[in-house]
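So the structure is just underneath, and the comments pick up after that.
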Amino acid sequence: MAAETAKVDPMKQFMIEPMFGTQELALGGFNIAFTNSALWMVIAGVALFVFMIGGMKRELVPGRWQMAVETFTGFIDDMLEANVGKEGRKYVPYIFSLFMFILFANLLGLLPVGLVGVHPFTFTSHFTVTGIFAIMSFGIVLLVGFWKHGLKFFSLFVPHGTPLPMIPIIFPIELISFLVRPFSLALRLFVAMMAGHVLLKVLSSFVIDSWGAGAGFGVLVGIPSFILMIGISALEILVAGIQAYVFALLSSLYINDAEHLH
Amino acid sequence: MPQIAQIMETWSSQVFWLLIVFGLVFFVIGRGMVPKVLDTVGLRDKQIADDLAAAQAARDAADAQEEAWRKQENANRDAAQKLVAEAKSSAQAANEAKMAKVQSAIDTRMDEAEAAINASREAAASEIEAVAAQAARDIAKQIAHVEVSAAAAKAAVQKAIANG
């Protein structure tokens, strides 16, 4: 890896470090050290809480902040209404928490707080975290599916109008595509977040190293890289929103499968 | 890649803290705050819908009142027009009667006047005859020294007048 020559290790930002001397903290033999990752989870949760406080004024004529909160809740409400229908209402708390928590995590990880010496950490760039989100969504799908439909839930894997002789072939294909869902859900978010952050770090190492190699390299390589970084930063803000949306949208689509089969 | 390199030391801490934080987010924000926000929105939507319905009802009532007023107004106008027409026709009838009376009075007076004129003319004509006969007797006496009887003079004058 280019880490030795670049002096900027693009992977260092994903390092998990225990904080406040809690590296030995354990529960039932499992290490539960309060890490920088956990710290940013707490920051995202608190930021989300503070954001939501603004929506609790419950005024008849909403102010800007209340309007913003209501826009987000309405957005999730409409999405579930459109994808799941009336039954979708009871999933609003979960999908809203999921969407907003991921969105805040993604956006907070992009904050340029590195300028003041704080190391931002995007915990959604860890598949341990996105994996748990995916397992939760998938678990809800399985629970709801088997709770509502019992063994009929397996008819999800036989699309309507499948000819009888095709069922032995279609069923395993559908089953595998169903079982792959939590992995695709987790990996999509993790890869998208990680790729963007790595790209930004690699480009920043180009800027630093090219200026270190001389003004000619700096103008030729550093400045275009810097311009590219600005563009990609904007793109990353977009990706942060899109990935949170995709995660919430796919979760609601999968829940729709569980609620209505096909 | 630290995500893989550190997985053995960190996965339990990641899972633990994520479940705690996301659990709090879910129960405090998702279950606690989101329904209230949605309630607020629902309440507002309901109030707006109610207000719109009330406005629509008021508008309908106003339309109905206007319709009733228009009907009343039309009836009033018809009645007024009828009254005017009646007055006009009765006035016309009275006028005509008066005119006929006046006309007949005028006609009578015309007839009387005509009769009087005829009588005067006849009287005048007989006077002219008498005067002409007297004149003819005088002329005959002065010029021809002929004594003409009054009856002969009168017959001659009448003959001359009749011949023109």
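Numbers restart at 1 for each chain; the letters A, B, ... are given by sequence-line order, proteins then strands. Because the structure is predicted, anything quoted here is derived from the model rather than measured.
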Query - Flag side-chain contact, heavy atom, 4.5 Å: F96(A) against T73(A) - result: yes

Query raised in the report: Should V129(A) and M41(A) count as side-chain neighbours, where that means a heavy-atom distance under 4.5 Å?
Result: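 With C-beta onward as the side chain, the pair touches.
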
Does either side chain, that of [X] or that of [Y], offer a donor lying less than 3.5 Å from an acceptor on the other one?
{"X": "D138(B)", "Y": "Q142(B)", "answer": "no"}
{"X": "Y94(A)", "Y": "S251(A)", "answer": "no"}
{"X": "S37(A)", "Y": "H126(A)", "answer": "no"}

Report task. With a 4.5 Å cut-off on heavy-atom pairs, point out which of L19(B), L18(B), D39(B), V21(B) contacts chain A the most. Result -> L18(B)

Requested in this report: Below 4.5 Å from any heavy atom of chain A, which atoms of L24(B) appear? Answer side chain, backbone, both or neither.
Outcome: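 Neither part; nothing is under 4.5 Å.
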
Which atoms of [X] come close to chain B, meaning under 4.5 Å heavy atom to heavy atom: side chain ones, backbone ones, both, or neither?
{"X": "F14(A)", "answer": "both"}
{"X": "F190(A)", "answer": "side chain"}
{"X": "M100(A)", "answer": "neither"}
{"X": "I95(A)", "answer": "neither"}
{"X": "I53(A)", "answer": "both"}

